[in-house]
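These numbers were taken from a predicted model, which means no experiment stands behind them.
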Amino acid sequence: MAAEWICRAVRDGALEGEHAPALSIKDTMASPLGFHVFTHFLSQQSTNISAAKSQSRGLVLVALSRSPSFYLDLLSNKGLDTASLSNKIRILDCYSDPLGWRAHYLSDDIAGISGNVKDVDALFSSVISLGTGFVGQGKDRFCVAIDSVNEMLRYASLSSVSGLISSLRCCGQISSIFWLCHADLCEERVTSALEYMSSMVASIEPLIQFANGQRSNSENLSLRDQSFTKGKLHLRCKRRNGRVRVMFEEIHIGQSGINFTSVSSEGELINQGLVPKVQFSLQLSEKELKDRANVVLPFEHQGNGKPVQIYDGRKSLTDSKYEVLPIHNGNSDIDKESSKGEIIYFRDSEDEMPDSDEDPDDDLDI
């Protein structure tokens, strides 16, 4: 459900006058599956563009952590003809020469070498130049993907990278943008800034949470090994009406690729079993629930068939209708209804302020 929601949002793109949808994918060392999730959405968007099912007419991939040949092999393994994708997909090679020591160029092939990554303005111009190269100057849009924000932050400041992403979102020729960030390799303010600019945040979390010392070392190693093949996708979507939608899905990495399934109850039971024991319980027992239900609350109709009589604090207590029986020292009456509690309230004096629904001048002859 969550993965399909992301694919649909990236595919449909932006409405007229709105910023492009932005997806931030982040993972940690506890669940290092972010790149698998990134390549999955990259392949899905490429397939939609190739089949003309997306608002985007092309895709520009800013390659910082992998070479262009890696992505060409990836798309080829997904069944896409890379030879026919030269007019739909362009790869901006920031991996081979990130500092621009060699002469950079933007070729007509599917991959072109970028200049210095430190020059964020030049990088923005290169992305726009590659995108307009196959969508033209009309109303057609293209998608942008950045495979590693962490690599970009090695050469540029946070303000420069944030300005680049913000400029790409505001560009009228871009339909959607998504990127990958490893949260453990950057400060918290970096992830907060990226999430602030995102309309969707996909967090990769461990499927099984465990605490150190609660299991043997061999079991801990087994759980850590599972974190390389299993995880949980936690998606937060900012909707147009201002509401936030949260979705969860399990991630499984196998020989056939990545699969997304609904969260199973088995993982929830394991997580509950790994919670440390405490000296108190926040849950009520059956006896406590029964005793609480038997308490007679003041000013509440108990449904015993008798007319409702509520003491309002003003009628005389000597009135037989509202007369209160004295409390005996014996336990005979208490033993009869020992399992039934009751709360009785009387106003201490007439000097107290009346309730909000009472008329303070009802005793005046007006």
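For Val120, the side chain to side chain contact (heavy atoms under 4.5 Å, CB included) partners at least two apart in sequence or on another chain are Ala156, Ser160, Leu164. Listed by chain and residue number, Ser157 satisfy the side-chain hydrogen bond (donor to acceptor under 3.5 Å, both in side chains) test with Ser159 (two or more places apart in sequence, or in another chain). Arg8 is linked by a side-chain hydrogen bond (donor to acceptor under 3.5 Å, both in side chains) to nothing, counting only residues two or more places apart in sequence or in another chain. Arg189 meets the salt bridge (Lys or Arg N to Asp or Glu O under 4.0 Å) test with Glu187; sequence neighbours excluded. Under the side-chain hydrogen bond (donor to acceptor under 3.5 Å, both in side chains) criterion, Ser148 pairs with no residue, sequence neighbours left out. Contacts of Asp27 classified as side-chain hydrogen bond (donor to acceptor under 3.5 Å, both in side chains), with partners at least two apart in sequence or in another chain: His182. In this structure Glu18 satisfies the salt bridge (Lys or Arg N to Asp or Glu O under 4.0 Å) test together with Arg240, sequence neighbours excluded.
A donor-acceptor pair under 3.5 Å links the side-chain atoms of Lys238 to the main chain of Ser198, judged by distance alone. Between the side chain of Ser166 and the backbone N or O of Ser162, no donor-acceptor pair lies under 3.5 Å.
Pro21 and Gly13 get closest at one heavy-atom pair: CG-O, 3.4 Å. Heavy-atom minimum distance, Cys94 versus Leu64: CB-CD2, 3.6 Å. The two atoms that bring Leu233 and Ala202 nearest to each other are CD1-CB, 3.7 Å, heavy atoms only. Among all heavy-atom pairs drawn from Cys237 and Met200, the shortest one is SG-CG, 4.1 Å. When all heavy atoms of Leu75 and Ser46 are compared, the pair lying nearest together is CD2-OG, 3.8 Å.
Pairs engaging residues 143-172 under the salt bridge (Lys or Arg N to Asp or Glu O under 4.0 Å) rule: Glu151-Arg154 [sequence neighbours left out]. Judged as a salt bridge (Lys or Arg N to Asp or Glu O under 4.0 Å), not a single pair has a partner in residues 60-81 (not counting sequence neighbours).
For the atom pair Leu289 CG and Leu284 CG, the distance stands at 5.0 Å (nearest 0.5 Å). Put simply, OG1 on Thr261 and NZ on Lys232 are 12.5 Å apart, with the number rounded to the nearest 0.5 Å. Rounded to the nearest 0.5 Å, atoms OG (Ser199) and CZ (Arg239) are 12.5 Å apart. To the nearest 0.5 Å, atom CG of residue Leu168 and atom CD of residue Gln173 are 11.5 Å apart. One distance of note links CD of Glu195 with CD of Glu188; it measures 9.0 Å at 0.5 Å rounding. The structure places CD of Glu4 at 10.0 Å from CE of Met247, a figure rounded to the nearest 0.5 Å.
Linking Ile, Leu, Val, Met, Phe, Trp and Tyr residues whenever their side-chain heavy atoms come within less than 4.5 Å places Phe260 and Leu235 in a single cluster. Note on Met152 and Val60: same hydrophobic cluster, where clusters join Ile, Leu, Val, Met, Phe, Trp and Tyr whose side-chain heavy atoms are under 4.5 Å apart, directly or indirectly. Both Ile25 and Leu59 sit in one connected hydrophobic cluster of ILVMFWY residues. Membership requires side-chain heavy atoms under 4.5 Å apart, directly or through other members. Leu185 is not connected to Tyr155 by any chain of hydrophobic side-chain contacts under 4.5 Å among Ile, Leu, Val, Met, Phe, Trp and Tyr, and they are in different clusters.
The residue from Val201, Leu158, Val149 that alone fulfils the side chain to side chain contact (heavy atoms under 4.5 Å, CB included) condition with Leu194 is Val149.
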Sequence neighbours left out, cut at 3.5 Å: what donor-acceptor pairs do the side chains of residues 47-58 make with other protein atoms?
residue, atom, partner, partner atom, Å
Thr47, OG1, Ser43, O, 2.8
Asn48, ND2, Gln44, O, 3.2
Ser54, OG, Arg11, O, 3.0
Ser54, OG, Gln45, NE2, 3.2
Ser54, OG, Ser56, N, 3.1
Gln55, OE1, Ala14, N, 3.0
Gln55, NE2, Ala14, O, 2.8
Ser56, OG, Gln45, NE2, 3.4
Ser56, OG, Ser175, OG, 2.3
Arg57, NH1, Ser54, O, 2.8
Arg57, NH1, Gln55, O, 3.4

Could you list the donor-acceptor pairs under 3.5 angstrom formed by side chains in residues 30-42, with sequence neighbours left out?
residue, atom, partner, partner atom, Å
Ser31, OG, Glu205, O, 3.4
Thr39, OG1, Phe35, O, 3.0
Thr39, OG1, His36, O, 2.9

Using a 3.5 Å cut-off and no angle test, enumerate the donor-acceptor pairs between side-chain atoms of residues 138-146 and protein atoms at least two apart in sequence or in another chain.
residue, atom, partner, partner atom, Å
Arg141, NH1, Gly172, O, 3.3
Arg141, NH1, Ile174, O, 3.2

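Within 6.0 Å of CZ on Phe248 lie more than 12 heavy atoms contributed by other residues, nucleotides or ligands.
Within the 4.5 Å cutoff, no side-chain heavy atoms of Ile253 are placed close to those of Asn259. Val161 has its side chain out of reach of Val190: every pair of non-hydrogen atoms, C-beta onward, lies at least 4.5 Å apart. In this structure, the side chains of Arg245 and Trp5 come closer than 4.5 Å at one or more pairs of heavy atoms. Between Ser24 and Trp179 there is a side-chain heavy-atom pair separated by less than 4.5 Å. Residues Val246 and His234 are in side-chain contact: their nearest non-hydrogen atoms beyond the backbone lie under 4.5 Å apart.
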Steps toward side chain to side chain contact (heavy atoms under 4.5 Å, CB included) verdict (Cys181, Asn150): CA-CA 6 Å; Cys181 175; Asn150 302 91; 4.1 Å; yes

